[in-house]
Novice: 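Starting off with a structure, shown below.
Reckoned from all heavy atoms, side chains included, excluding hydrogens, waters and symmetry mates.
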Amino acid sequence: MSEQEPIEATVPRGPLRVFLVDDHAMFRAGVRAELGTRVEVVGEASSVAEAVTRIAATAPDVVLLDVHMPDGGGRAVLEAMRRTHPQVRFLALSVSDAAEDVIGLIRAGARGYVTKTISPEELTDAIRRVADGDAVFSPRLAGFVLDAFASRPDAPVADPELDQLTNREREVLRLLARGYAYKEIAKELYISIKTVETHVSNVLRKLQMSNRYELSRWAADRRLV
């Protein structure tokens with residue numbers, strides 16, 4: 001009778017350990033509540049410096065990463081962490097669906113990019129897939145990545161006029177061009193209406209335009225909408 005190889009026992013994996021990075025406390029609280037017990041949220045941060053320190057301390061499986069934050073955003077976190085903690089995987093979770101944001105985060109090392117319209121069930125699935133090593137994108141965004149890496153792998157996404165704008169001004173411009181009212185933009189970005197007005201004024205001044213309709217046409221020409 002031949003000797004049989006020992007059968008290895010399957011050790012069940014515990015809940016995935018997730019870290020949240022977003023500069024809006026209300027949004028982080030909402031994500032935490034929506035994820036519920038599907039994953040274990042082991043920490044959160046509202047700035048790049050805080051994220052780098054706490055991710056290093058908690059060593060999560062997956063980091064949910066906002067793209068735009070006042071002190072550098074998701075790309076700065078990725079660039080600070082990818083060499084020292086290569087085992088941590090990053091999934092961008094952003095209101096922005098602009099090609100330059102998607103491509104920039106993926107080139108920096110993110111394993112996926114989904115927008116904040118994603119459902120809790122879809123987000124949980126995306127987290128699990130990223131933890132397993134898959135690349136995950138919201139359906140519309142996958143084309144950006146394929147086009148960028150297949151046809152123009154080394155070409156930067158650059159626009160001298162667009163580069164004048166801050167990340168937040170770009171977000172406001174994009175929503176404005178989609179027809180959002182100031183009140184709706186404020187709610188979407190978790191900022192005050194007065195702050196929205198300030199951003200719009202800054203964008204008009206930098207681009208030397210006089211009204212939102214000119215801005216909408218400008219944004220549509222650059223496929224930012």
Novice: Rounded to the nearest 0.5 Å, how far apart are CZ of F137 and CZ of R111?
Specialist: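 Going from CZ on F137 over to CZ on R111, the span is 8.0 Å.
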
Novice: If you measure from the Lys or Arg side-chain nitrogens to the Asp or Glu carboxylate oxygens, is any gap between R75 and D101 under 4.0 Å?
Specialist: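 Judged by the 4.0 Å cut-off on N to carboxylate O distance, R75 and D101 do not form a salt bridge.
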
Novice: Using the side chain to side chain contact (heavy atoms under 4.5 Å, CB included) rule, take V172 and V203 through it: C-alpha gap first, then chi angles, then the decisive distance, then the call.
Specialist: CA-CA 9 Å; V172 170; V203 173; 5.9 Å; no

Novice: Atom NZ of residue position K187 - does it have more than 12 heavy atoms of other residues, nucleotides or ligands inside 6.0 Å?
Specialist: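 At most 12 heavy atoms, drawn from other residues, nucleotides or ligands, come within 6.0 Å of this atom.
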
Novice: Of all the heavy-atom pairs spanning T58 and R17, show the shortest one and how long it is.
Specialist: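 Smallest heavy-atom distance, with atoms named: O-NH1, 2.9 Å.
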
Novice: Which is it for N202 and R205 under the side chain to side chain contact (heavy atoms under 4.5 Å, CB included) test, yes or no, and what are the steps along the way?
Specialist: CA-CA 5 Å; N202 289 340; R205 174 178 53 79; 3.5 Å; yes

Novice: Salt bridge check: are E188 and K116 linked by an N-O gap of less than 4.0 Å?
Specialist: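 Looking at E188 and K116, the cut-off is not met.
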
Novice: Look up atom CG in L105 and atom CG in L65, then write down how far apart they are to the nearest 0.5 Å.
Specialist: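 Reported to 0.5 Å precision, the distance equals 6.0 Å.
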
Novice: One thing to verify: whether E171 and R168 come together as a salt bridge, which I'm taking to mean a side-chain N less than 4.0 angstrom from a carboxylate O.
Specialist: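 Judged by the 4.0 Å cut-off on N to carboxylate O distance, R168 and E171 do form a salt bridge.
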
Novice: Answer with yes or no whether the side chains of T195 and T198 bring together a donor and an acceptor at under 3.5 Å.
Specialist: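 Distance-only check fails for T198 and T195.
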
Novice: Are the side chains of V77 and I55 in contact, using a 4.5 Å heavy-atom criterion?
Specialist: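 Yes - at least one pair of side-chain heavy atoms lies under 4.5 Å apart.
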
Novice: Would T166 and E169 count as a side chain to side chain contact (heavy atoms under 4.5 Å, CB included) here? Give the steps.
Specialist: CA-CA 5 Å; T166 66; E169 287 167 354; 3.2 Å; yes

Novice: Please indicate whether Q87 has more than 12 foreign heavy atoms, meaning atoms of other residues, nucleotides or ligands, lying under 6.0 Å from its CD.
Specialist: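 Count over threshold, so yes.
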
Novice: If I compare all heavy atoms of V52 with all of A80, which pair ends up nearest, and what's the gap?
Specialist: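 Taking V52 first and A80 second, the nearest heavy atoms are CG2-CB, 3.7 Å.
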
Novice: In Å, rounded to the nearest 0.5 Å, how long is the span from CG of D23 to OG of S47?
Specialist: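 One gets 9.0 Å once the value is rounded to the nearest 0.5 Å.
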
Novice: Of the non-hydrogen atoms in F90 and V130, which two are nearest, and what is the gap between them?
Specialist: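 In terms of heavy atoms, the two residues are closest at O-CG1, 4.3 Å.
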
Novice: Would you check if H68 and S96 make a side-chain contact, meaning some heavy-atom pair closer than 4.5 Å?
Specialist: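 Yes; the side chains approach each other to less than 4.5 Å.
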
Novice: Where is the tightest heavy-atom contact between S138 and V114, given as atom of each residue plus distance?
Specialist: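 Closest approach of S138 to V114: OG-CA, 3.3 Å.
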
Novice: Does V18 reach the side chain of L64, with side-chain heavy atoms less than 4.5 Å apart?
Specialist: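 Yes. Closest side-chain heavy atoms under 4.5 Å.
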
Novice: Are R89 and D134 close enough that some pair of their side-chain heavy atoms sits under 4.5 Å apart?
Specialist: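 No. Closest side-chain heavy atoms not under 4.5 Å.
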
Novice: Just so I know, are the side chains of D61 and V88 near enough to count as touching, which here means a heavy-atom distance under 4.5 Å?
Specialist: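 No, their side chains stay 4.5 Å or more apart.
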
Novice: Looking only at heavy atoms, which two atoms of I106 and A110 are closest? And how far apart?
Specialist: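 That closest heavy-atom pairing would be CD1-O, 3.5 Å.
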
Novice: Working to the nearest 0.5 angstrom, can you tell me the gap between E79 CD and R107 CZ?
Specialist: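 Result: 13.0 Å between the selected atoms.
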
Novice: Less than 4.5 Å apart, side chain to side chain, heavy atoms only: is that true for V48 and M69?
Specialist: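 Result yes, sub-4.5 Å side-chain heavy-atom pair found.
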
Novice: Does the side chain of L16 reach to within under 4.5 Å of the side chain of E40, using non-hydrogen atoms?
Specialist: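 A side-chain contact is absent here, since even the closest heavy-atom pair is not under 4.5 Å.
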
Novice: Is a donor from one side chain sitting under 3.5 angstrom from an acceptor on the other, for T117 and T115?
Specialist: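 Yes, T115 and T117 have a side-chain donor paired with an acceptor closer than 3.5 Å.
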
Novice: Of all heavy-atom pairs between V67 and A92, which one has the smallest distance, and what is that distance?
Specialist: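 Heavy atoms only, the tightest pair is CG2-CB, 4.4 Å.
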
Novice: Rounded to the nearest 0.5 Å, what's the gap from CG on D22 to CG on L93? Could you check?
Specialist: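 Going from the CG atom of D22 to the CG atom of L93 covers 7.5 Å.
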
Novice: Could you tell me the separation between the NE2 atom of H24 and the CG atom of L189, rounded to the nearest 0.5 Å?
Specialist: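 H24 atom NE2 to L189 atom CG measures 7.0 Å (nearest 0.5 Å).
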
Novice: In terms of side-chain geometry, is the basic nitrogen of R32 or E44 positioned less than 4.0 Å from the acidic oxygen of its partner?
Specialist: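 A salt bridge links R32 with E44.
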
Novice: Report the C-alpha separation of E121 and T124 in whole Å, then their side-chain angles, then the decisive distance to 0.1 Å, and conclude whether the side chain to side chain donor-acceptor pair (under 3.5 Å) test is met.
Specialist: CA-CA 5 Å; E121 294 77 17; T124 303; over 6 Å; no

Novice: If we only count heavy atoms from C-beta on, is the D125 to E122 side-chain gap below 4.5 Å?
Specialist: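 D125 vs E122: side chains apart.
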
Novice: Can you check side chain to side chain contact (heavy atoms under 4.5 Å, CB included) on Y113 and L91, steps first, answer last?
Specialist: CA-CA 6 Å; Y113 193 117; L91 172 62; 5.8 Å; no

Novice: Side chains of S46 and E50: do they bring a donor and an acceptor to under 3.5 Å?
Specialist: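 Yes, because at least one side-chain N or O of S46 sits under 3.5 Å from a partner of the opposite role on E50.
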
